[in-house]
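Only this structure's heavy atoms are used, side chains among them; waters, hydrogens and symmetry mates stay out. Proteins come first, then strands; the chains are lettered A, B, ... in the order of their sequence lines, and each starts at number 1. Keep in mind that what you see is a predicted model, and the values were worked out from it rather than measured.
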There are 2 protein chains.
Amino acid sequence: MPAPDDAAAGAVRSPVGVPAARPRVTLADVARAAGVSSPTVSKVLNERGDVAPETRDRVLAALDAAGYRRRGTTPARRPGSLLVELVLSDLDSPYAVEVLAGAEEGAAASGAGLVVTAAHGRRAGGGRWLSRLRARRSSAVVLVISDPGPDAVEELRRTGTPLVLLDPVGTRDPGLPTVGATNWNGGLSATEHLLGLGHRRVAVVSGDPSLACSQERVDGYRAALGRAGVPVDEDLVRWGDFTPEGGRRGAAALLDLADPPTAIFAGSDSQASGVYQEARARGLAVPEDLSVVGFDDVALCQYLSPPLTTVRQPLVDMASHAVRLALEGAGGEAADVVTPQHVQLATRLVVRESTAPPRA
Amino acid sequence: MPAPDDAAAGAVRSPVGVPAARPRVTLADVARAAGVSSPTVSKVLNERGDVAPETRDRVLAALDAAGYRRRGTTPARRPGSLLVELVLSDLDSPYAVEVLAGAEEGAAASGAGLVVTAAHGRRAGGGRWLSRLRARRSSAVVLVISDPGPDAVEELRRTGTPLVLLDPVGTRDPGLPTVGATNWNGGLSATEHLLGLGHRRVAVVSGDPSLACSQERVDGYRAALGRAGVPVDEDLVRWGDFTPEGGRRGAAALLDLADPPTAIFAGSDSQASGVYQEARARGLAVPEDLSVVGFDDVALCQYLSPPLTTVRQPLVDMASHAVRLALEGAGGEAADVVTPQHVQLATRLVVRESTAPPRA
DNA sequence: CTGAAAGCGCTTACAG
DNA sequence: CTGAAAGCGCTTACAG
């Protein structure tokens, strides 16, 4: 007869792949670990003044080590009080608008609340942000175009908070679910469209080369030229950032060339608007003197004249999907079992009025 | 000797103007009211199945009547776990971007989380939304360009949740704090600028006439004409909505007139972009053939060519202020004592390249 | 400044 | 399906 194992002895045991609901760490546990009484821990927690500084420090350390959470303070599990955190680097771009709209839609569909944070250049997942996330009892996180610090990933994993990366940056942790778009295909079809119109001097102005999406779009551009037997002129490949100013600078450099391009593929619609400005400043008409293709198909396109030919990436759907994915992980019992997913939604060329054959 | 009053008898009594911390309604109170035991109420709360439907209904009614809240479920009081709700009608406008950025800034400054909801045409404050707000333990609400239903106002007041109206609609409850801009002055200075350039046929295309801000801008326009001794031609006053399409329609109607305007004051930058499009479609150059002034000074302006002359309203500051105002009400003890405020931040004309003297 | 004791609000296990 | 009783996690009031 086998010796009674843990399960037979009545210990908590979980099905394969499903984590055991770890027994809650109670205030009494922490008190024991810190060598003080429960009331003392309670006082520290409630920021009462009457605790000796050393005692306080010891208790705080024990609290932290044990990963203590107040009763009723575990992330909400019922839809309707769930919170998803959406972290963007900045809020003031047409790109952010689409992402926000999609994320709101995804959250609303699940009855969850969407908490929006702008990182403003700080790396997402500072200690401050993490502790606030905990204080708010948020259940899931979606990070947009940014790499979480390893500490943040670890902490989120530890607390069972799902993390989804939207438009992931290059250096991805393969264990994290990602949602993106088929950037390479987009770059390919934008460039093929211009080649098809008869352009041979086709330039590209993309975003930061450290971003996967920038790289992929340029790779698609190169592939299209290669297929058409047009050699890549490295003078016609420019990197910058996704802002109008970035587009303007790139266009200025390109149009200053001895043999300037007749068409520019911009890495984003915002950049394309900068290309428009530079063309206008030089008295060049779009599309008669210069064809322009953008990327994103954000609302901005409807404000530009002429209407911009662009590669549509379904940002609203992408964001909505990312939020649902994150909430799925948060809602179910089998939170940790959700298979990491890497989704790329399809891009599609939308032809409007900013492209035409080159002047004879 | 006077009979012992409540205070003398030890009842909770609060200083004038500061509401008493009403004694918490406990589960036992509700049980008593419903004529059942505490365990039964607990089961209903936790959605256990083993409760008779009629009992369940009775308990739910009692719960509701008593305004019961689970322990630890009252809105957070320490900054860092506070949540502010921002409700916009839609997220996909340049206006919304600015408001969001400002609101995020205001919330982040207080360490609060910003929960963003789009009303999508539904009136803010449906029962669904209110109960979610409660479930999330949100501490304050900022409502953008919309009128809360009287029930929502009542419910928020009852639960001590501050409500601030940003860019308030006309029919305001004077008891609610509002944050807006000096729309009238903006309309005045936009129109004076055009008159100063020599224009006499100056038109206006504004937003929905039911919105206070639309009205005020047009009133400023009328005032400027009046002061300059130029009679108002009602044919030159158009109402629509704040979208590019609204601007385009308005411009089309105006340019179809027998004696068309030489300058158009648009009620928003988005509308102004629609005016640009209509002008372009008719082969009219801005500003040579048509001067255009916008309103808002949103990021969109930097994408338009030519750069748009506009009336800047400090949307970022307005939103940030509204959020702080709301959180102020939520954070302090004296929540209900915050004097209702009606703030209007200053607007300012920003001259760029879309305005010029009329053709001789 | 600390903790034993009492208390509070809620939940659980179980008898009816 | 219901509730008396026991229990749990935390807080409060107070003695030292």
ask   = What are the two closest heavy atoms between B/M318 and B/V179, and how far apart are they?
value = O-CG1, 3.6 Å
Using whole Å, report how far [atom1] of [X] lies from [atom2] of [N].
X	N	atom1	atom2	value
A/L27	C/dG7	CG	P	20 Å
B/D57	D/dC1	CG	P	13 Å
A/R32	D/dG9	CZ	P	10 Å
A/D50	C/dC1	CG	P	7 Å
A/R56	C/dG3	CZ	P	16 Å
B/R48	D/dC1	CZ	P	14 Å
A/L45	D/dT11	CG	P	6 Å

request  = Go ahead and name the base partner of D/dT2; Watson-Crick or wobble counts if both distances stay under 3.5 Å, otherwise write none.
outcome  = C/dA15
Select one nucleotide: of [options], the one nearest the side-chain heavy atoms of [X].
X	options	answer
A/V51	D/dG3, C/dG3, C/dT2	C/dT2
A/N46	D/dT11, C/dT11, D/dT2	D/dT11
A/A52	D/dC1, D/dT11, C/dT2	C/dT2

key: Min side-chain heavy-atom separation B/V141-B/T161 under 4.5 Å   = yes
task = Could you please spell out the steps behind the side chain to side chain donor-acceptor pair (under 3.5 Å) verdict for A/D317 and A/S320?
result = CA-CA 5 Å; A/D317 293 346; A/S320 164; 5.9 Å; no
At under 4.0 Å, does any side-chain N or O of [X] touch on OP1 or OP2 of [N]?
X	N	answer
B/T26	C/dC8	no
A/Y68	D/dC10	yes
A/T40	C/dG3	yes

Check: A/V51 main-chain N/O paired with A/R56 side-chain donor or acceptor under 3.5 Å = no
